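Please read the structure below before turning to the comments.
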Amino acid sequence: MIEIRGLRKTLNGKRVLDGVDLDIHEGTSLVIMGPSGTGKSVLLKHIVGLFDPDEGDVCVEGMSVPQAGGREIREIRSKISYVFQNSALFDSLTAAQNIQLGLPADHCRHVYAMTDPLVLEAVSLVNMGPEVLALLPSELSGGMQKRVAIARAIVGRQKYILYDEPTTGLDPVNASVINRLIAQVQRETGSTSVIVTHDIESAFFLGDRIVLLSDGKVRASGTPAELRSSPDPVVQEFLHPKLEEEMIGE
Ligand SMILES: Nc1ncnc2c1ncn2[C@@H]1O[C@H](COP(=O)(O)OP(=O)(O)O)[C@@H](O)[C@H]1O
Ligand SMILES: [Mg+2]
């Protein structure tokens, strides 16, 4: 379980997180929704210790992330993988080598990445054939790069997978392929998923629970059905933006 308690963070003089409390239960999928710039990525980065809170705590299975020393932070990170917003693949490495990087440091790296059984299994879990393994990221479409990034996140069988805007920048068809893939990975590996998105359709498709971040706080939290029927005008405004705003956004 991951517990976030009273998390506060100010960046460049701006209070980005203003007392966030959140529980992430094992084997479930939690979606963190909210407009751009509300601190969703900053929140995810606190879970893996890429940011230190000004106040509050993040505990991964009882271990405090901000208080963790080198050995503990490695132990915490060995339980968590992270799919970054832009896929963040290494340009000069093949798909196979990128995926192999997701394996723990003690994995035998002398195994040729293309024939590493764990790499082959991960690539098949993201519904790609082994023929992509020799390709460089520049030879893959955006959707395929995202699948390689997800394969890298699942190859080490970490318990928690954090996805930062996994469908942003993809066309609707590829976005729906990736959403179905995230749900499939969750089912087949029993992992715990935390998915950050500002896409309402993805949120309702993926979340066992959804939280809406607004002004640095959890404004609402519940099942998709509970969020849909929330009387809170801020929730309804986020779920049903006015037409003019949608048109400006395009
Ligand atoms: N490394 C950083 N240094 C300074 N400010 C940052 C940093 N990362 C994010 N911010 C600021 O924190 C706020 C929230 O950013 P972010 O978490 O990326 O939003 P989003 O909800 O879109 O993911 C923004 O105002 C952003 O400019
Ligand atoms: Mg972000």
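Remember, it's 1-based here, ligands and their atoms both numbered in the order they're listed. Nothing here was measured: the structure is a model prediction, and the numbers come from that model.
With 3.5 Å as the limit, one finds no donor-acceptor pair spanning the side chains of Asn179 and Glu201.
Ranking protein heavy atoms by distance to atom 4 (C) of ligand 1, first place goes to Asn12 ND2, 3.5 Å. For atom 15 (O) of ligand 1, the closest non-hydrogen atom of the protein is Val42 CG2, 3.9 Å. The shortest contact between atom 2 (C) of ligand 1 and any protein heavy atom is with Phe51 CZ, 4.0 Å.
Within the 2.8 Å limit, Gln85 places no N, O or S atom next to the Mg ion (ligand 2).
With Leu140 as the fixed residue, the side chain to side chain contact (heavy atoms under 4.5 Å, CB included) test singles out one of Gln145, Met128, Lys146: Gln145. In summary, of the residues considered (Asp91, Leu89, Leu136), a side chain to side chain contact (heavy atoms under 4.5 Å, CB included) with Asn98 occurs for Leu89 alone.
Annotation for ligand 1: atoms under 4.0 Å from non-hydrogen atoms of Val16 are 12 (O), 13 (C), 14 (C).
A salt bridge links Lys217 and Asp18; the closest N-O separation between the charged side-chain nitrogens and carboxylate oxygens is under 4.0 Å.
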Please walk me through it: do Phe51 and Val42 pass side-chain contact (heavy atoms from CB on, under 4.5 Å)? CA-CA 7 Å; Phe51 273 127; Val42 168; 3.9 Å; yes

Worked verdict on Gln186 versus Ser29 for side chain to side chain donor-acceptor pair (under 3.5 Å): CA-CA 8 Å; Gln186 160 97 19; Ser29 60; 4.9 Å; no

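Nearest residue to atom 24 (C) of ligand 1 from Gly37, Ser41, Ser36 is Gly37 (criterion: closest heavy atom).
By the neighbour-count criterion of 12 heavy atoms within 6.0 Å, atom CG of Asp21 is densely surrounded, having more than that number from other residues, nucleotides or ligands.
The residue His198 has no part lying near ligand 1, judged by heavy-atom distances below 4.0 Å.
When distances from atom 26 (C) of ligand 1 to the protein are checked, no heavy atom turns up under 4.0 Å.
The N/O atoms of Leu11, backbone and side chain alike, include none that comes under 3.5 Å of an N/O atom in ligand 1.
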